[in-house]
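Below you'll find the structure, written out as structure tokens, and then a few comments.
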2 protein chains.
Amino acid sequence: MASHGVRGRGGGRPTLEEVAARAGVGRGTVSRVINGSPRVSDATRAAVEAAVAELGYVPNTAARALAANRTDAIALVVPEPETRFFAEPYFSDMLRGVGAALSDTEMQLLLIFAGSDRERQRLADYLAAHRVDGVLLVSVHADDPLPDMLAQLEIPAVISGPRSAAETLTSVDSDNYGGARQAVEHLIGRGRRRIAHITGRLDVYGAQRRVDGYRDALRDAGHPEDELMIEAGDFSEEGGRGAMAALLERRPDLDAVFAASDVTAAGARHALREAGRRIPEDVALVGYDDSAIARHMDPPLTSVRQPIEEMGRSMIDLLLAEVADRRPPASRELDRRQVVLATELVARASS
Amino acid sequence: MASHGVRGRGGGRPTLEEVAARAGVGRGTVSRVINGSPRVSDATRAAVEAAVAELGYVPNTAARALAANRTDAIALVVPEPETRFFAEPYFSDMLRGVGAALSDTEMQLLLIFAGSDRERQRLADYLAAHRVDGVLLVSVHADDPLPDMLAQLEIPAVISGPRSAAETLTSVDSDNYGGARQAVEHLIGRGRRRIAHITGRLDVYGAQRRVDGYRDALRDAGHPEDELMIEAGDFSEEGGRGAMAALLERRPDLDAVFAASDVTAAGARHALREAGRRIPEDVALVGYDDSAIARHMDPPLTSVRQPIEEMGRSMIDLLLAEVADRRPPASRELDRRQVVLATELVARASS
DNA sequence: AGGTACTGTGGGAGCGCTCCCACAAGTGAT
DNA sequence: ATCACTTGTGGGAGCGCTCCCACAGTACCT
């Protein structure tokens, strides 16, 4: 019998109070049960659970958030202005991992775009209002002020792809260095001798690490150093095409190329075709990401697979841990965590 | 200065009350100002706005949600269990449109996965708790109970890709029928006479519409009907391959194929290659979606582009309108809206 | 017997808003 | 001058929770 002050509420969903009345206990006890407190007798717990089931009670998140000063939500912030990153399988794979990890919890996932200035401002207000318990950061550039803002607001955050070796935030990354080594060692194993590298955007730490891996793999195999075999790309197809053309000009005798991304490799492939080089007979080609493009390229592209879904999972695990044990930031810095996950080479016909 | 009852709150963010004190007005007045009520004098409004700026006040969403019984959040529900859909550019493009449309509002976007049974259950609880003001539904199958659940809970919802011609929810879709016609008419224009079609999953309404478009385009061009030229696929690469093989067996003289998706076309391409048919010399190939795969295929694939980003935008616009004017469901049914956006053929070397 | 320590429980206070009623002050018709 | 509105404003009540204090009951020491 909906009684006093019914404000057109959607059919009067049951409240904690009603559950308490039904179970013949106090409000506090119901709260303890639904929050899994151990300080409740078994009999009482059973009675409350029965009442919850009978009434179809679902806690009101807003009330809980207001009273407990937490939100049970985390945000995934996508700072990319040009949403290039966004269209890559990278994004959806990570989302899948994040979603899977989250489905074990009560946490909700908010998607926040911070490309434009206005979106940035909105994000800043949003974070200032502490409307999420934690933040997942992907694809952040070295000069982005976001991580510092987060640190200042003391909002737990995990970043995918550390900005540098000195990353202060908890981070999850794939082994860019090792992945590059795998690619180059694979090419060496295939008998290639003059292996070039088209880099990614070098303001991205992971791209730098791939260059390091490329260099070290060659050095360890006793190959002479040759800076002319390295050309800067920017992860784009056009960049790959241009870089490949430059490399062919400088080192027409090259017999293999390791590209910092599959899209870059696709660009390189065009340039190679135009120059009349066959893949893999004349020039072997290896990409990075193992995206759909790699599988559908002609010939199919050998590529380095990152365990992206697993990275998403890891990020959630780390973030939830930080949210849970909310320590003073001082101590937090001591055991900051940098997780690095192994990559895997997927060999195909291009090499 | 922090006085009574400070519960370790994060540095005491200012409240409505504090803004009111600072501006020398009452709480109600501040509330009116921040909610844009017209019933405030200009002088008072200015004073309140100044106080808001000085204090850096940001409203507490939880309190607002609790008091006003709304959440200022909408959910994007992804019901796909196998997240195939998810890896398609389709998803990220739509997300981009949704994000763009949303950035003009105060609404937040929640991403909810409803693949597994557990996720389903969580979603049901979530919706029952009215934790979002509206729901965006993508990639919903004909037998999914979700739309009905939404209707019963009276939660505004917009669906992308109506489940049938009799869709009861507000929907946004691209013109599958027209897109298929464009593809077939393009092939006819190129002088092709024996045009086959590999369908998508026929339990998806859009796939049916593409078949209709294919049929009508041929009929209108005076081509004889030939059911043997149609083979069922399932949007997958493997399905495309198998369907192509079957078609070649039945109609070895076919000279063109319209595939219901780019991925399907990629599968068809493999089968054609294996059969020794050249593309486009022997058989012209047209796909659907204009995904990255189409651009990177060899030869590049002619494909039908859907205005997906625009669809995302439209969905948000429609949903927010429904959220805003919360009418009784009865009247809502009368002017339910079905928006259909035009497609565009992107001609490439495969046809 | 008295103390101390727990365990389980009830319920007051309060989280920061919105809603709405009350009311002061101004405006115009009667 | 009286009444009836309108406009702008203040502040009480209440949204549904969590937190925490108080307290009854039981158990185990001295």
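Protein chains get the first letters and strands the later ones, always in sequence-line order, with residue 1 at the start of each.
- When the side chain to side chain contact (heavy atoms under 4.5 Å, CB included) test is applied to B:Glu17, the partners found at least two apart in sequence or on another chain are B:Thr15, B:Arg27.
- Where B:Val40 and A:Arg70 meet DNA chain D, the nucleotide closest to each residue was compared, and B:Val40 sits on the side nearer the 5' end.
- Applying the side-chain hydrogen bond (donor to acceptor under 3.5 Å, both in side chains) definition to pairs two or more places apart or across chains, those involving residues 41-50 of chain A are A:Ser41-A:Thr44.
- When the side-chain nitrogen and oxygen atoms of B:Ser41 are compared with OP1 and OP2 of D:dT9, one or more of them lie within a distance under 4.0 Å.
- Taking atom CG of A:Leu16 as the reference point, atom C1' of C:dG10 lies 13 Å away to the nearest angstrom.
- B:Arg120 pairs by the salt bridge (charged side-chain N to carboxylate O under 4.0 Å, His left out) definition with B:Asp144, not counting sequence neighbours.
- Atom CG in A:Asp72 sits about 12 Å away from atom C1' in D:dC17, given to the nearest Å.
- Between A:Asp104 and B:Arg118 there is a salt bridge, since at least one side-chain N of the basic residue sits less than 4.0 Å from a carboxylate O of the acidic one.
- Set against D:dT18, D:dC15, D:dT9, the side chain of B:Ala67 has D:dC15 as its closest nucleotide.
- By the side chain to side chain contact (heavy atoms under 4.5 Å, CB included) test, B:Asp72 is found to be paired with B:Arg64, B:Arg70, B:Met107, B:Asp133, residues two or more places apart in sequence or in another chain being considered.
- Side-chain contact of A:Asp148 with A:Gln152: a donor-acceptor pair under 3.5 Å is absent, judged by distance alone.
- Between the CZ atom of A:Arg131 and the C1' atom of C:dG16 there is a distance of 14 Å, rounded to whole Å.
- Residues from residues 21-34 of chain B lying near DNA chain D, meaning a heavy-atom separation below 4.0 Å, are B:Gly24, B:Val25, B:Gly26, B:Arg27, B:Gly28, B:Thr29, B:Arg32 in numerical order.
- The interatomic distance linking B:Leu66 (CG) with D:dT18 (C1') rounds to 12 Å, in whole Å.
- Atom CZ in A:Arg13 sits about 8 Å away from atom P in D:dG16, given to the nearest Å.
- Considering only residues two or more places apart in sequence or on other chains, B:Glu310 meets the side chain to side chain donor-acceptor pair (under 3.5 Å) condition with none of them.
- For B:Ala47, the side chain to side chain contact (heavy atoms under 4.5 Å, CB included) test picks out no residue, with sequence neighbours left out.
- A straight line from CG of A:Asn69 to P of D:dC20 spans 12 Å, rounded to a whole angstrom.
- One can place CD of B:Glu18 at 10 Å from C1' of C:dG16, the figure rounded to the nearest angstrom.
- With sequence neighbours left out, B:Arg32 forms a side chain to side chain contact (heavy atoms under 4.5 Å, CB included) with B:Thr29, B:Ser37, B:Val40.
- End-to-end axis angle for the helix from C:dA1-D:dT30 to C:dT30-D:dA1, using five pairs per end and rounding to 10°, comes out at 50°.
- Residues satisfying the side chain to side chain donor-acceptor pair (under 3.5 Å) test with B:Ser160, not counting sequence neighbours, are none.
- A search for side chain to side chain donor-acceptor pair (under 3.5 Å) contacts involving A:Arg163 returns A:Glu167, not counting sequence neighbours.
- Taken residue by residue, residues 44-62 of chain B places heavy atoms nearer than 4.0 Å to DNA chain D at B:Thr44.
- Spacing between atom CD of A:Glu17 and atom C1' of D:dG14 amounts to 12 Å, rounded to whole angstrom units.
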